[in-house]
Amino acid sequence: MPRGDGLMSARAVEAVEAEAGSPGYRALITILAYALPVAFILLPLILFLIQSFFYVDHGDIVRELTLRNYERFFTGPAFLPVFLKTCALCLGVAVITVLVGYPVALLIASLAGRRKYVLMVIFVVPLMMSYIIKIYAIRAILGSNGFLNRILLFLGVIDEPLTFLIFNLQAVMLTLAVILLPFAMLPIFIALERIPRSLVDASFDLGASGLQTFRDVIWPLSAQGTIVGGTFVFVLAIGDFITPQMVGGANGFTFGRIIYSQFGFAFNWPFGAALSVILLVAVLIALGAGSLLARTRHQP
Amino acid sequence: MMRLSTGALVVLGAIAGFVLLVLYGPLFVAIFFSFFRFENNAVQWDSFSFDAYQSLMHDEGIIDAVLNTLLVGGVSVSLALVLGTALAFYYNASRSRHRDFLQLLIFLPFLMPPIITGLSLLVFFREADIPRSLVTVIIGHTVFVLALAYRIVLTRLQTIRASLVEASLDLGASRWQTFRFVLAPSLMSALGASAILAFALSFDETLITLLVTGTASTLPMRLWAMMRLGFTPDINALVTIILVGSTGLALLAIRFVGVAAPR
């Protein structure tokens with residue numbers, strides 16, 4: 001390690017260790033550092049995992065380890081189909097956000113100078129705006145008594161309010177897509193922005209058309225960011241239970257809602273925990289598939 | 001990156017305009033109808049008033065919710081900043097292999113779907129016999145925003161040159177003085193940025209809060225309860241106030257992060 005100009009880490013450690021280097025002291029610091037994260041992050045997760053192997057009998061939790069919750073998920077008539085439907089729904093959300101987000105990110109990334117960043121902020125700021133308000137506002141627009149219906153009625157386009165706009169799975173998909181769109185745009189924008197101008201210029205100089213340049217230069221270099229964005233959206237969508245409840249109605253039953261109901265009306269915590277573990281496995285698979293896909297795309 | 005042809009520009013511009021409409025349209029509808037009434041299938045243009053805002057001022061449930069939200073945000077952000085800074089210092093100074101495990105632990109609540117974080121805390125609180133209250137909400141929010149504070153402080157810490165710390169120690173400053181007069185000043189902007197971002201997250205946190213709260217409600221909870229009843233001017237007024245607040249926070253955060261980013 002060269003003296004003087006390195007980053008703080010190693011040198012500062014030596015200084016600290018030289019001054020207070022006793023192993024007992026260091027062990028104490030380590031324990032202090034781990035105490036809270038272990039107590040409030042790791043321990044709850046472990047308890048949660050264990051809970052998923054308990055079961056409920058006559059309203060009481062029986063603390064015996066069994067696989068019956070997981071068995072019930074695979075053998076029950078409703079759980080596996082809802083789970084698969086929810087996965088398909090969230091995949092749909094990811095596809096919509098990427099299909100819509102990519103062109104917008106491309107447009108913004110092609111702008112020059114400061115405008116680019118200002119515009120990106122405009123598209124990303126809604127992320128920080130209250131999530132529940134967005135659901136509410138979308139519901140107010142799409143509802144059978146909502147503004148869209150009232151306007152169409154007023155204009156005489158329809159005679160009765162359209163009812164297929166809300167309280168079904170399509171409404172859940174669209175609402176989630178609106179809410180999560182900026183999450184997809186951000187990684188795509190970053191990937192596009194990193195493409196060196198010279199590569200694009202070279203492609204044009206060598207006689208490629210705009211479409212060819214996009215297909216052979218820009219898309220391959222931004223595919224990774226696009227996959228990351230889609231994965232983000234999928235992971236965020238699959239755990240949501242408020243959006244389906246607000247705009248899904250009776251027909252919009254998703255896996256997240258089933259889990260939530262186990263901790264509410266159904267009062268079967270162990271089963272809810274088991275379903276959450278399955279959800280987590282789906283998330284991990286999505287993340288793994290995403291990074292695998294991104295890696296294979298990255299190879300020339 | 002590149003310049004687009006006019007045709008492409010028009011098509012992409014149309015898509016972007018549509019997206020903006022979809023992202024912002026619903027919000028403007030809510031703001032608009034906090035001032036105007038909608039009756040007989042038409043906007044009553046002469047109904048402009050602040051009535052909805054005034055009736056909010058007299059709603060104790062809402063005032064409680066606002067105070068709860070500020071309390072939860074304030075306490076959990078402070079806790080997360082202190083803990084996140086301490087952990088960032090530890091990570092930065094430690095050379096053991098298990099420090100990456102600790103870092104993963106810190107990131108977990110941020111990476112996992114909120115429903116998992118919330119439910120695992122819920123189970124934990126029951127096993128530990130901690131009754132659900134604002135305290136459990138504060139713990140949930142602290143765990144959630146910790147990753148953010150930790151990450152921003154660590155990033156800044158890693159850009160501080162070792163020679164500065166060494167010089168301070170060589171010149172006879174104690175370690176506390178070195179922290180107070182050398183490290184702390186350059187961490188301030190990072191701490192400010194984390195505080196604003198973390199507060200904005202806590203302000204809007206809904207999924208975890210819903211799972212770990214007792215009878216006390218924060219603003220998003222309250223809003224959710226009100227919304228089940230329908231679409232009223234009161235809700236629109238509350239929505240408008242929250243939007244102004246969170247947009248302000250967002251812009252402040254972006255400015256701050258811009259300033260705090262290493263140049």
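It should be emphasised that the depicted structure is a prediction, and the values quoted were computed from it without experimental measurement.
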At a 4.5 Å cut-off on heavy atoms, which part of B/Ile139 comes close to chain A: side chain, backbone, both, or neither?
side chain
Between B/Ile15 and A/Pro103, which heavy-atom pair has the shortest distance, and what is it?
CD1-CB, 3.9 Å
Which portion of A/Ile29 sits near chain B, non-hydrogen atoms under 4.5 angstrom:
both
Determine the minimum heavy-atom distance between A/Ala33 and B/Leu102, stating which atoms define it.
O-CD1, 4.0 Å
With heavy-atom distances below 4.5 Å as the criterion, would you say the side chains of A/Val283 and B/Met112 are in contact?
no
Between B/Leu211 and chain A, with a heavy-atom cut-off of 4.5 Å, which part of the residue counts as in contact: side chain, backbone, both or neither?
side chain
To the nearest 0.5 angstrom, please state how far the CD1 atom of B/Ile235 sits from the OH atom of A/Tyr136.
4.5 Å
B/Leu223, part contacting chain A, at a heavy-atom distance under 4.5 Å
side chain
Does any heavy atom of chain A fall under 4.5 Å from the side chain of B/Leu20, the backbone, both, or neither of them?
both
Roughly how far, to the nearest 0.5 Å, is the CE atom of B/Met221 from the CD1 atom of A/Ile132?
6.0 Å
Once you round to the nearest 0.5 Å, how far does CZ of A/Phe48 lie from CG of B/Leu119?
4.5 Å
Distance from A/Leu275 atom CG to B/Ile115 atom CD1, nearest 0.5 Å?
9.5 Å
Drop me the distance from A/Ile46's CD1 to B/Phe124's CZ, to the nearest 0.5 angstrom.
11.5 Å
Counting heavy-atom pairs under 4.5 Å to chain B, which of A/Tyr131, A/Phe40, A/Trp269 comes out on top?
A/Trp269
Which of residues 232-240 of chain A have a heavy atom under 4.5 Å from any heavy atom of chain B?
A/Val235, A/Gly239, A/Asp240
Would you say that A/Leu280 contacts B/Pro113 through its side chain, given a criterion of any heavy-atom pair below 4.5 Å between the two side chains?
yes
Count the heavy atoms of every other residue, nucleotide or ligand shown that sit under 6.0 Å from CG of A/Leu155, and state whether that count exceeds 12.
yes
B/Leu122 side, atom CG; A/Gln51 side, atom CD - distance, nearest 0.5 Å
9.0 Å
Between A/Leu47, A/Leu32, A/Ile133, which residue shows the highest count of heavy-atom pairs closer than 4.5 Å to chain B?
A/Ile133
Do B/Leu9 and A/Leu107 come close enough that some side-chain heavy atom pair is under 4.5 Å?
yes
With only heavy atoms counted, which part of A/Val100 is less than 4.5 Å from chain B, the side chain, the backbone, both or neither?
both
Measure A/Ile259 against the heavy atoms of chain B and call it side chain, backbone, both or neither at under 4.5 Å.
side chain
Which answer fits B/Leu251, side chain, backbone, both or neither, if we ask what part of it has an atom under 4.5 Å from a heavy atom of chain A?
side chain
Would you say the side-chain atoms of B/Tyr24 pair up with the backbone N or O of A/Ile122, donor to acceptor, closer than 3.5 Å?
yes
Toward chain B, the part of A/Ala39 with a non-hydrogen atom under 4.5 Å
backbone
Which atom pair, heavy atoms only, marks the closest approach of B/Pro26 to A/Ile141?
CA-CD1, 3.7 Å
Side chain from CB out, backbone as N, CA, C, O: work out which of these in B/Leu87 comes under 4.5 Å of a heavy atom of chain A, or both, or neither.
side chain
Tell me whether the rings of A/Tyr34 and B/His98 are parallel (<30°), tilted (30 to 60°) or perpendicular (>60°).
perpendicular
Between A/Ile41 and B/Ile106, which heavy-atom pair has the shortest distance, and what is it?
CD1-CA, 4.3 Å
Does any backbone or side-chain atom of A/Ile61 lie under 4.5 Å from a heavy atom of chain B? Answer side chain, backbone, both or neither.
side chain
Examine whether an atom of A/Leu42 lies under 4.5 Å from a heavy atom of chain B, and if so say whether it belongs to the side chain, the backbone or both; otherwise answer neither.
both
